[in-house]
Enquirer: 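One structure follows; several queries about it will come next.
Within every chain, numbering begins at 1; the chains are lettered A, B, ... in the order of the sequence lines, protein sequences first and strands thereafter.
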Protein chains: 2
Amino acid sequence: MSTSPRGKRTYHHGDLRPALLRAAAQVLEEQGPAGVLLREVARRAGVSHNAPYRHFASREALLAAAAAQGFEEFSARMQAAGPGAMAETYIAFALEHPQLFRLMFGGTLKLSSDADLSRASRGAYEGLVAAFRSRGDVPDPQTAAAAAWSLVHGLSELLLNGHFVEASAGEGAIGFARRVLGAVRFAAAAPPRPTHSSE
Amino acid sequence: MSTSPRGKRTYHHGDLRPALLRAAAQVLEEQGPAGVLLREVARRAGVSHNAPYRHFASREALLAAAAAQGFEEFSARMQAAGPGAMAETYIAFALEHPQLFRLMFGGTLKLSSDADLSRASRGAYEGLVAAFRSRGDVPDPQTAAAAAWSLVHGLSELLLNGHFVEASAGEGAIGFARRVLGAVRFAAAAPPRPTHSSE
DNA sequence: GGTTTGAAGTTGACAATGACAACATACGAT
DNA sequence: ATCGTATGTTGTCATTGTCAACTTCAAACC
């Protein structure tokens, strides 16, 4: 298991931190956040049960690092998608990595605890806000961004947890998501003013 | 601790199941779902560490029961609120019982596993759909309901997890929520087809 | 009224886990 | 070549979920 640069077994793994993160990501998707046991991750990385403590202060720190890594991949994909495809990219990410998504947004980790995690999370959000602001056709970009983020996030989570299994019966999750997203328009901030609306 | 009908200590608790659920709810809000330990719950109920097994098959079954109870209270409050105040009631519930809310919608429990939980969850959803349908001014009630549910749910969770701490700086969570909700309109379902569409 | 029976609680045990301490190894600077 | 220190290892401990065997007690039955 401990595949270093060469196949030779060395006392020191040589590349353990990334290996642990890979193993953790694997266990995470298989078993969910609660199944990510420090010892199991160490087992898969081919090291002793205490080796992870050289790279992570605790089980929670390992989970936080995995979540931070998830946020980075998430941010990258969102940025690459561009403003028009962000919603579907968001939902696709959630459906592809359901457990990682739960870990990232489940609220189990406090964002304030881990600096990397906090930064990664904020980066993802600001990327979305910037995209909405650059569109220019929305009166209150910040509010609209918050609404869009909420809508897409809620839709992702409810889909993930099976709350729309029958509602999305014939068309599949993505098709259902498109339909739901299409039913929403963003307007100006003030409630009683029905001005123009954009996609 | 074991306060039965009278204060007298009996070998049999006499009212243990509800007592365990109360204790579990208490620990849940204090420590989060991961902190709900079978032994700790038993401790608070004043019984031995194995007494809970007479009423719940496992730790997960206890959590499922707590979640189901949460869904019932949630449904009741939503129903009592009426169509106009459902969104704020939803968010208020999430803010009042953040950990219970996470347990209910966190996806840790599989809804298919526990019958009561599944039924309670579905009940809450159908109540919302019915409310939207009875309004009558929405072309596609089911899609609109799904969108509204997603929006409000996502907003709740993102608020809970602190992703809007700075965006909602001056006005507080509820005020911010009102502003975000006010920025959204519901329209017909199909984007490319301006005619009416059926579910 | 006395007996019995079974649900509700208890004590005891076991493997697994997260975390700490002490020890071993090997890479890189000197 | 030596030596220090980051990196892994073995050993240990309290805690947890769960299983098994034992107790208590209240209600059903004769």
Side-chain angles (χ1 to χ4, degrees), chain A residues 1-24 27-28 30-67 103 108-110 113-114, chain B residues 1-24 27-28 30-67 103 108-110 113-114:
Chain A
M1 295 306 154
S2 62
T3 341
S4 272
R6 216 61 161 285
K8 61 181 177 184
R9 291 172 167 270
T10 58
Y11 186 91
H12 285 32
H13 184 288
D15 193 37
L16 188 51
R17 214 192 110 106
L20 288 172
L21 283 174
R22 274 194 303 270
V27 181
L28 176 63
E30 289 177 16
Q31 314 276 352
V36 180
L37 309 179
L38 227 33
R39 288 168 115 102
E40 172 65 16
V41 172
R43 229 167 269 145
R44 298 213 187 189
V47 293
S48 84
H49 66 265
N50 255 351
Y53 282 100
R54 294 296 140 187
H55 300 273
F56 302 100
S58 66
R59 173 181 178 272
E60 194 177 352
L62 171 64
L63 284 174
L103 178 64
T108 313
L109 332 290
K110 303 158 193 161
S113 65
D114 189 279
Chain B
M1 293 303 154
S2 61
T3 343
S4 271
R6 217 57 165 280
K8 61 180 176 183
R9 290 173 166 272
T10 57
Y11 185 92
H12 286 28
H13 185 288
D15 194 35
L16 188 51
R17 216 191 109 104
L20 288 172
L21 283 174
R22 274 193 302 271
V27 181
L28 176 63
E30 290 176 17
Q31 314 276 351
V36 180
L37 309 179
L38 225 35
R39 287 169 117 100
E40 173 65 17
V41 172
R43 230 166 269 144
R44 300 212 186 189
V47 293
S48 84
H49 68 265
N50 256 349
Y53 281 99
R54 293 296 139 187
H55 301 274
F56 303 99
S58 65
R59 172 180 178 273
E60 193 176 354
L62 171 63
L63 284 174
L103 178 65
T108 313
L109 332 279
K110 304 157 192 161
S113 65
D114 189 279

Enquirer: Using atom CG of A:D15 as one end and atom P of C:dA26 as the other, report the distance to the nearest whole Å.
Expert: 18 Å
Enquirer: Measure CZ/B:R59 against C1'/D:dT16 and give the value in whole Å, please.
Expert: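 Those two atoms, CZ and C1', are 10 Å apart.
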Enquirer: Please round to the nearest 0.5 Å and tell me the distance separating atom CD of B:E30 and atom CD of B:E40.
Expert: 8.5 Å
Enquirer: In whole angstrom, give the distance that lies between atom OH of A:Y53 and atom P of D:dT9.
Expert: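 Roughly 15 Å, once rounded to whole Å.
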Enquirer: Output the rounded distance in Å from NE2 (A:H49) to P (C:dA19).
Expert: 12 Å
Enquirer: Can you figure out which of C:dG9, D:dG8, C:dA13 approaches the side chain of B:R39 most closely?
Expert: C:dA13
Enquirer: Need to verify one output field. Residue with the more 5' nearest nucleotide on DNA chain D, A:A51 or B:S58?
Expert: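 Result: A:A51.
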Enquirer: Would you name the heavy atoms of A:L38 and A:L62 that are closest together and state the gap between them?
Expert: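 That closest heavy-atom pairing would be CD1-CD2, 3.6 Å.
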Enquirer: Could you state the atom-to-atom distance from NE2 of B:H55 to C1' of D:dT18 in whole Å?
Expert: 17 Å
Enquirer: Is the side chain of A:R44 donor-acceptor paired with the backbone N or O of A:A24 at a distance under 3.5 Å, no angle test?
Expert: no
Enquirer: Report the nucleotide, chosen from C:dT10, D:dT10, C:dA19, that has the shortest atom-to-atom distance to any side-chain atom of A:S48.
Expert: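 Among the listed nucleotides, the one closest to the side chain of A:S48 is D:dT10.
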Enquirer: Which pair of non-hydrogen atoms, one from B:V27 and one from B:V36, has the smallest distance, and what is that distance?
Expert: CG1-CA, 4.0 Å
Enquirer: Taking CZ from B:R54 and P from D:dC19, how many angstroms apart are they, rounded to a whole number?
Expert: 11 Å
Enquirer: Mind calculating the distance between CG (B:L20) and P (D:dG17) to the nearest angstrom?
Expert: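 After rounding, the gap between these two atoms is 13 Å.
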Enquirer: Rounded to the nearest angstrom, tell me the gap between atom CG in B:N50 and atom C1' in D:dT16.
Expert: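 Between C1' of D:dT16 and CG of B:N50: 11 Å.
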Enquirer: Looking only at side-chain N and O atoms, does B:R17 come under 4.0 Å of OP1 or OP2 in C:dA7?
Expert: no
